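Beneath this line is the structure, given in structure tokens, with notes to follow.
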Amino acid sequence: MSAPTQIPIRLAEELILLMLNERSGYLEMVPGWAFSCVMAGAVIADLTLEDRIDTDLKTLYLVDPTPTGDDLLDPTLKEIAESQETADTQYWIERNTGRSDEIVMATLDRLVERKILDYESGGFWGLSRSVSRSGTYQTHDLQIRQEAKARVLSVILNDVIPDPRDAILIALMHTCGGFKLLLEPEDYEEKLERIETIAKLDLVGRTVASAVKDSTAKPKTRRVLQTKPIPKLRIFDALRQRDFRTGNIPKAMYGIFQKYGPVVELPFKMRKATLVALMGPDTNQWVNKHGRFYLRSKDYIQDLERVFGASRTLPGLDGADHYKMRKSLQGAYSRAALTRRLPELVHLCRRSLSRWSEGDVFGAADAFQNHVSSQISHLMIGVDCSHYVDELLEYEHRALVTQVQGALPKFMLSTPKMKRYGKRVRELHEAITASHTPAQRRGKPPDIADAILELHKNDPQFLPETDITFPFVAAMVASIYLGSGLAFAVYNMVRHPDLYARIHREAELLFGNGREPEAKDFTLDSVDVTHRLCMESARVYPVIPWQLRTVMNECIVSGFQIPPKTHLLICQTATHYADDLFKDPLEFDIDRYLPDRAEHTKPGAYAPYGLGTHTCLGNRWVELQMAVNLLLIAYHLKLEVAPANYKIGINPFPTSAPNKKMKFRVAEITNPT
């Protein structure tokens with residue numbers, strides 16, 4: 001792989017910088033034929049600037065077949081050099097549209113390596129802080145170049161004379177309508193004539209832009225995509241999947257994928273609309289790359305938002321607003337935020353574990369959800385709600401089941417019991433706001449509630465007071481997910497005594513002899529076995545096995561045309577049981593995450609935290625909290641599954657959790673708290 005720092009900044013890279021929307025964190029151009037032609041055209045233009053090819057309006061000529069040493073350009077150059085055909089620029093642009101996804105992803109990776117862009121979790125990109133502040137970046141020859149968007153807009157708006165490269169950039173951007181997105185409508189209309197004049201200045205730009213324009217209007221080589229009818233799953237076929245009956249959603253959906261393929265219409269309706277399942281590594285990659293252009297999250301969660309009086313929430317927003325809220329809160333949800341409070345996390349965990357005595361038997365799901373909620377309430381929202389946390393979690397659980405999944409009728413949230421429990425939500429809100437005044441928070445580390453209230457204070461129109469309760473509650477909902485995940489991880493540790501012993505040894509090195517480890521002590525090496533067990537547990541028993549979305553723009557996925565308003569069940573964890581991705585997927589094997597195997601890094605293979613722009617914002621926080629809890633449990637307790645012959649069962653609603661029959665017995669207190 002060629003080193004980006006040794007290669008000139010290419011036209012494709014600067015096109016990406018021009019198309020990047022800083023407000024939304026992703027590219028403005030919708031993937032499609034026109035976008036593919038523009039990216040392919042940028043490569044052709046760069047080969048011309050490198051004196052490898054020459055073009056006119058009729059023919060593209062090979063000048064020099066010597067590779068440039070640039071992985072972005074050389075595959076196209078090689079194809080041209082080996083071809084026996086005499087063809088024009090349009091033909092070669094269309095031939096290379098198949099590489100457009102590869103070109104875009106390689107370009108984004110290169111811009112991150114050059115430290116021009118920063119990549120943010122969820123599939124967002126933004127200008128790095130240094131580039132954003134200075135408005136410049138360094139080229140391969142250590143020259144300083146003005147940032148692409150500022151430079152090109154200056155050419156258009158301030159009548160600056162463009163250099164040949166900028167003329168090509170402007171020609172390509174104009175061809176795909178990019179300036180309609182960059183400029184305000186009145187500015188675009190006023191400067192349209194200048195844009196068109198600049199686009200004609202350079203012969204290369206004029207030739208390539210003309211070829212791109214012809215390709216989008218009357219392509220020569222574009223194939224008509226024949227879409228396939230979506231297979232329909234019968235209710236009987238769904239019931240035949242034994243794994244549905246045991247609650248193992250990922251394994252069941254992988255069975256359907258094997259028989260029916262990656263896109264399947266399910267025999268159920270959702271809000272009277274067709275429900276289609278997406279499964280497999282290819283659909284996972286499609287959602288990651290293109291979901292933001294075609295899918296909407298608002299529809300499935302809006303009823304839950306209304307329960308808490310909200311209309312704008314992080315899981316219910318898309319596009320620029322979602323990115324803005326995510327960026328505002330990401331620091332509070334980061335691993336670094338939890339790392340700063342590591343002693344507090346250890347203390348809270350130990351305090352909770354001290355409740356159990358030798359011989360105690362407890363239900364796994366409820367016990368660990370309550371165990372985690374005591375940590376979450378202090379670390380995330382700074383209040384002690386232990387005396388009503390059971391009622392709060394039960395109300396939140398009922399809201400998810402009735403308002404999101406529709407597994408129970410909505411009136412089940414209005415029973416006398418639920419109305420009483422609903423008052424706990426208001427009590428939680430009042431406790432948080434009362435404890436998060438400047439005076440009350442002075443000298444305390446900032447938490448997620450601080451970040452939410454700060455966002456409201458700074459932009460009350462973006463996050464009004466009516467929408468504050470939901471994120472407070474969402475923080476507590478996280479204890480349901482994390483508690484279930486911890487219960488699964490403990491079960492897997494107990495069922496594998498060799499791993500239990502190895503995790504205990506890691507815990508001894510960290511906590512033994514009264515040691516109080518610091519953040520720097522929790523390296524991947526020091527918690528290697530613990531970390532890999534948590535990863536494997538999340539593969540075998542993911543807590544959130546699927547996501548719901550609505551198709552807002554017609555799309556084609558794996559050759560299947562999916563119309564607007566279709567509800568999608570994105571089964572991103574079905575791949576966790578694919579034997580072509582994970583060796584012996586039914587085996588619990590933490591060695592699959594070792595560097596020489598790294599099975600989880602295969603494209604589209606491992607997705608316990610979701611996909612795309614709505615990937616769990618706090619996944620790195622979760623990884624650390626899970627590891628610390630598992631280590632402390634292994635250090636202080638010797639647990640057994642009760643009864644010993646218990647076979648795991650899963651309750652899949654509203655999220656996957658161990659069923660009520662999973663219990664643990666405290667066989668021994670190994671290190672009293």
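Keep in mind that this is a model prediction, so the values were computed, not measured.
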### Query
How close do Glu427 and His387 get, heavy atom to heavy atom, and via which atoms?
OE2-NE2, 3.8 Å
### Message
Between Arg335 (side chain only) and Asn619 (backbone N and O only), is there a donor and an acceptor less than 3.5 Å apart?
### Response
no
### Query
What distance do Arg539 atom CZ and Tyr593 atom OH have between them, rounded to the nearest 0.5 Å?
5.0 Å
### Message
Any carboxylate oxygen within less than 4.0 angstrom of a Lys/Arg side-chain nitrogen, looking at Glu391 and Lys423?
### Response
no
### Student check: side-chain heavy atoms of Cys349 and Gln375 closer than 4.5 Å
yes
### Task
Please check if the side chain of Gln403 supplies one atom and the backbone of Val307 the other of a donor-acceptor pair under 3.5 Å.
no
### Query
Is there a donor-acceptor pair under 3.5 Å between the side chain of Ser357 and the backbone N or O of Asp360?
no
### Task
Step through the shown structure and confirm whether more than 12 heavy atoms of other residues, nucleotides or ligands are within 6.0 Å of CD on Gln440.
yes
### Query
Between Arg441 and Asp447, is there a side-chain N and carboxylate O pair less than 4.0 Å apart?
yes
### Query
Looking at side-chain heavy atoms only, is the closest gap between Ile432 and Ile452 below 4.5 Å?
no
### Query
Checking Asn284 side chain against Gln572 main chain: does a donor-acceptor pair fall under 3.5 Å?
yes
#### Entry: Short N-O contact, Asp303 and Lys410, less than 4.0 angstrom
yes
#### Entry: Gap separating the CG atom of Asn370 from the OG atom of Ser352, nearest 0.5 angstrom
8.5 Å
#### Entry: Ion pair Asp450/Lys444, N-O distance below 4.0 Å
no
### Message
Counting only heavy atoms from other residues, nucleotides and ligands, does the tally under 6.0 Å from NZ of Lys115 exceed 12?
### Response
no
### Message
Any heavy-atom pair between the side chains of Asp366 and Lys660 that's under 4.5 Å?
### Response
yes
### Summary
Nearest heavy-atom contact between Pro517 and Leu510 is CD-O, 3.4 Å
### Task
May I ask you to decide whether Lys324 forms a salt bridge with Asp321, counting only side-chain N to carboxylate O separations under 4.0 Å?
no
#### Entry: Side-chain (Arg424) to main-chain (Tyr388) donor-acceptor, under 3.5 angstrom
no
### Message
When you compare the side chain of Ile648 with that of Tyr541, does any pair of heavy atoms fall below 4.5 Å?
### Response
yes
### Task
Anything under 30° is parallel, anything over 60° is perpendicular, the rest tilted; go ahead and classify Phe293 against His290.
tilted
### Query
Which pair of non-hydrogen atoms, one from Lys419 and one from Ser414, has the smallest distance, and what is that distance?
CE-O, 3.2 Å
### Message
Using the rule side chain to side chain contact (heavy atoms under 4.5 Å, CB included), only one of Thr613, Thr283, Leu611 pairs with Asn288; which is it?
### Response
Leu611
### Message
So which atom in Thr274 and which in Thr566 form the shortest heavy-atom distance, rounded to 0.1 Å?
### Response
O-CG2, 3.7 Å
### Short side-chain to backbone donor-acceptor contact, Lys149 and Leu20, under 3.5 Å
yes
### Query
Between Phe124 and Gln330, is any pair of side-chain heavy atoms under 4.5 Å apart?
no
### Query
Looking only at heavy atoms, what is the nearest atom pair of Leu455 and Ser328, with distance?
CD1-OG, 3.7 Å
### Query
Looking at side-chain heavy atoms only, is the closest gap between Thr313 and Phe308 below 4.5 Å?
no
### Message
Can you tell me which residue among Lys565, His567, Lys298, Arg296 is in a side chain to side chain donor-acceptor pair (under 3.5 Å) with Thr550?
### Response
His567
Side-chain polar contacts of residues 467-490 - donor-acceptor pairs under 3.5 angstrom, sequence neighbours left out - could you list them?
from	atom 1	to	atom 2	distance (Å)
Asp467	OD1	Ser311	N	2.9
Asp467	OD2	Arg312	N	3.1
Thr469	OG1	His429	ND1	2.7
Ser479	OG	Met476	O	2.4
Ser484	OG	Gln369	NE2	3.0
Ser484	OG	Ile480	O	2.9

### Interatomic spacing from CG in Leu17 to CG in Leu111 - rounded to 0.5 Å
5.0 Å
### Summary
Distance col, row Leu278:CG vs Cys571:SG, nearest 0.5 angstrom, shows 7.5 Å
### Query
Roughly how far apart are Ile249 CD1 and Thr655 OG1, rounded to 0.5 Å?
11.5 Å
### Query
Quick one: side chain to side chain contact (heavy atoms under 4.5 Å, CB included) partners of Cys555, sequence neighbours excluded?
Trp286, Tyr294, Val551, Val557, Ile562
### Query
Can you check whether Gly331's main-chain N or O pairs, donor with acceptor, with Ser334's side chain at less than 3.5 Å?
yes
### Query
Do you know which two heavy atoms are closest between Phe362 and Val666, and how far apart they sit?
CE2-CG2, 3.9 Å
### Task
To the nearest 0.5 angstrom, please state how far the NE2 atom of His531 sits from the OG atom of Ser526.
11.0 Å
### Passing candidate, side chain to side chain contact (heavy atoms under 4.5 Å, CB included) with Tyr635, options Thr670, Ile503, Leu630, Asn671
Asn671
### Query
How are the rings of Tyr606 and His576 set relative to one another: parallel (under 30°), tilted (30 to 60°) or perpendicular (over 60°)?
parallel
### Query
With respect to Val628, which candidate in Leu338, Val346, Leu348 satisfies the side chain to side chain contact (heavy atoms under 4.5 Å, CB included) definition?
Val346
### Query
Can you name the one residue among Arg620, Arg326, Lys327 that meets salt bridge (Lys or Arg N to Asp or Glu O under 4.0 Å) with Glu120?
Lys327
### Heavy-atom donor-acceptor pair, Asp521 side chain to Glu518 backbone, under 3.5 Å
yes
### Query
Do Ser386 and Asp384 meet the criterion of a side-chain donor-acceptor pair at a distance under 3.5 Å?
yes
### Query
Are side-chain heavy atoms of Pro545 and Pro250 found at a separation under 4.5 Å?
yes
### Message
Could you tell me if the side chain of Arg665 sits less than 4.5 Å from the side chain of Leu639, heavy atoms only?
### Response
no
